[in-house]
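Quick note on labels: first sequence line is chain A, next is B, and so on, each numbered from 1. In this text the structure is predicted, and so the values were computed from the model without any measurement.
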2 protein chains.
Amino acid sequence: MQIGDLSRNAGVNVETIRYYERAGVLPVPARQGNGRRIYGEADVRRLGFIRHARDLGFDLQSIRTLLALQEQPEASCTDASRIAQAQLDEVERRLSKLQSLRAELSRMVDECQKGVVAECRVIEALNTSPF
Amino acid sequence: MQIGDLSRNAGVNVETIRYYERAGVLPVPARQGNGRRIYGEADVRRLGFIRHARDLGFDLQSIRTLLALQEQPEASCTDASRIAQAQLDEVERRLSKLQSLRAELSRMVDECQKGVVAECRVIEALNTSPF
DNA sequence: CTTGCTCCTGTAGTGACTACAGGTTGTAGC
DNA sequence: GCTACAACCTGTAGTCACTACAGGAGCAAG
């Protein structure tokens, strides 16, 4: 599989794939005789994982940590547990923040839909919010 | 009020305030004779609005739109509501993904605590999510 | 009058891409 | 075999939303 196939299969820009290689979240691939990168199914899955994790707001450093965790299933349980727990704490933190944001945005949209134009408080909602 | 006071009052970095001016989300302020920027209470509120909107995930373009709507009170609220609804949809999407990742990380931590070498399925947790 | 703080402008660095320039390789049609 | 063109290569520069720093000016206290 060449980079263009990987791009289509994973739904990730070719330039982004090469960037991920430089950033160290995708392994340096083997090359064909002509110098072109060769990929396999594992790379499609790995790329899918990276994209989802990025969508969730994880930065590339966190993603490197998550990938390292999954690549060393024989690593000591305490180490793996510590890394996983740290990621879990981060996920919980993001979850509670997002839940607050959801409440705030819902309130904004609700009030806007209920009100007439003159009573729209979308902008005021941001200034008088409990955050 | 000088830029340092505004910075402290609004809890926003001095450099960020000057950046917001360049970016067109803060108005170009009056200057003292010595060339220093002068701000008022309205700027504290506007900056608070900008920071809050940024925290909610709005980009500066959306914020410019919201501020423009605020400055034309006869304009309809539907534009502001549409922007907020788009943000809300995105927050809901992220919440669902994070909840599935949390479940997977919890499972890994639990298995580690039981002394079982976790079969790492972090990648699958994100790839097999319904999104 | 020197020290030290805040301010000024302008430029460069960050992270995570994204785009483009300029060159090479592979393939399909003639 | 020749030509066209897509896909690949490297390397650099641009984007967004900041953040940091260099180099200089104003001002107030000791």
Output, in order, the C-alpha distance, side-chain angles, deciding distance and verdict of salt bridge (charged side-chain N to carboxylate O under 4.0 Å, His left out) for A/Glu90 and A/Arg94. CA-CA 6 Å; A/Glu90 174 65 13; A/Arg94 287 176 189 278; 2.9 Å; yes
Given the options A/Arg46, A/Arg54, A/Glu15, A/Arg51, A/Tyr20 meets side-chain hydrogen bond (donor to acceptor under 3.5 Å, both in side chains) only with A/Arg51
Exercise for the section: Answer with yes or no whether A/Glu15 presents, from its side chain, a donor or acceptor under 3.5 Å of a partner atom in the base of C/dC20. Expected result: yes
From CD1 of B/Ile17 across to C1' of C/dC7 the rounded distance in Å is 12 Å
When rounded to whole Å, the CD1 to C1' distance for the pair A/Ile50 and C/dG15 reads 15 Å
From CZ of A/Arg22 across to P of D/dA13 the rounded distance in Å is 14 Å
Rounded to whole Å, the CZ-C1' distance (B/Arg8 to C/dC5) equals 11 Å
Show the numbers, then the answer: is there a side chain to side chain contact (heavy atoms under 4.5 Å, CB included) between B/Ile63 and B/Asp59?
CA-CA 6 Å; B/Ile63 292 171; B/Asp59 62 15; over 6 Å; no
Atom CZ of B/Arg36 and atom P of C/dC5 are separated, to the nearest Å, by 14 Å
Residue pair B/Gly4/A/Gln61 against DNA chain C: nearer the 5' end by closest nucleotide is B/Gly4
Whole-Å distance, A/Asp59 CG to D/dA17 P, equals 18 Å
*asked:* Counting only side-chain nitrogens and oxygens, does B/Arg18 get under 4.0 Å of the OP1 or OP2 atom of C/dT6?
replied: no
Below 4.0 Å: OP1/OP2 of C/dC7 and any side-chain N or O of B/Arg37: no
Judged by nearest nucleotide, the residue sitting upstream toward the 5' end of DNA chain D, B/Asn34 or B/Arg51, is B/Arg51
query = For A/Thr16 and C/dT18, is the shortest distance between a side-chain N/O and OP1 or OP2 below 4.0 Å?
reply = yes
Rounded to whole Å, CG of A/Asn13 lies from P of D/dA7 at a distance of 14 Å
Answer with base, sugar-phosphate or nothing: what part of the nucleic acid does A/Arg54 contact at a heavy-atom distance below 4.0 Å? sugar-phosphate
Here the distance between atom P of C/dT11 and atom OH of B/Tyr19, to the nearest Å, is 17 Å
Verify, without hydrogens or angle tests, whether B/Asp89 (side chain) and B/Ala86 (backbone) share a donor-acceptor contact under 3.5 angstrom.
no
May I ask you to evaluate whether B/Arg31 reaches the phosphate of C/dT9, defined as a side-chain N or O under 4.0 Å from OP1 or OP2? yes
Examine D/dC18: is either OP1 or OP2 under 4.0 Å from a nitrogen or oxygen in the side chain of B/Tyr20? Give yes or no. yes
- Task: Check step by step if side-chain hydrogen bond (donor to acceptor under 3.5 Å, both in side chains) holds for A/Gln99 and A/Arg102.
- Result: CA-CA 5 Å; A/Gln99 278 156 359; A/Arg102 176 174 58 182; 5.8 Å; no
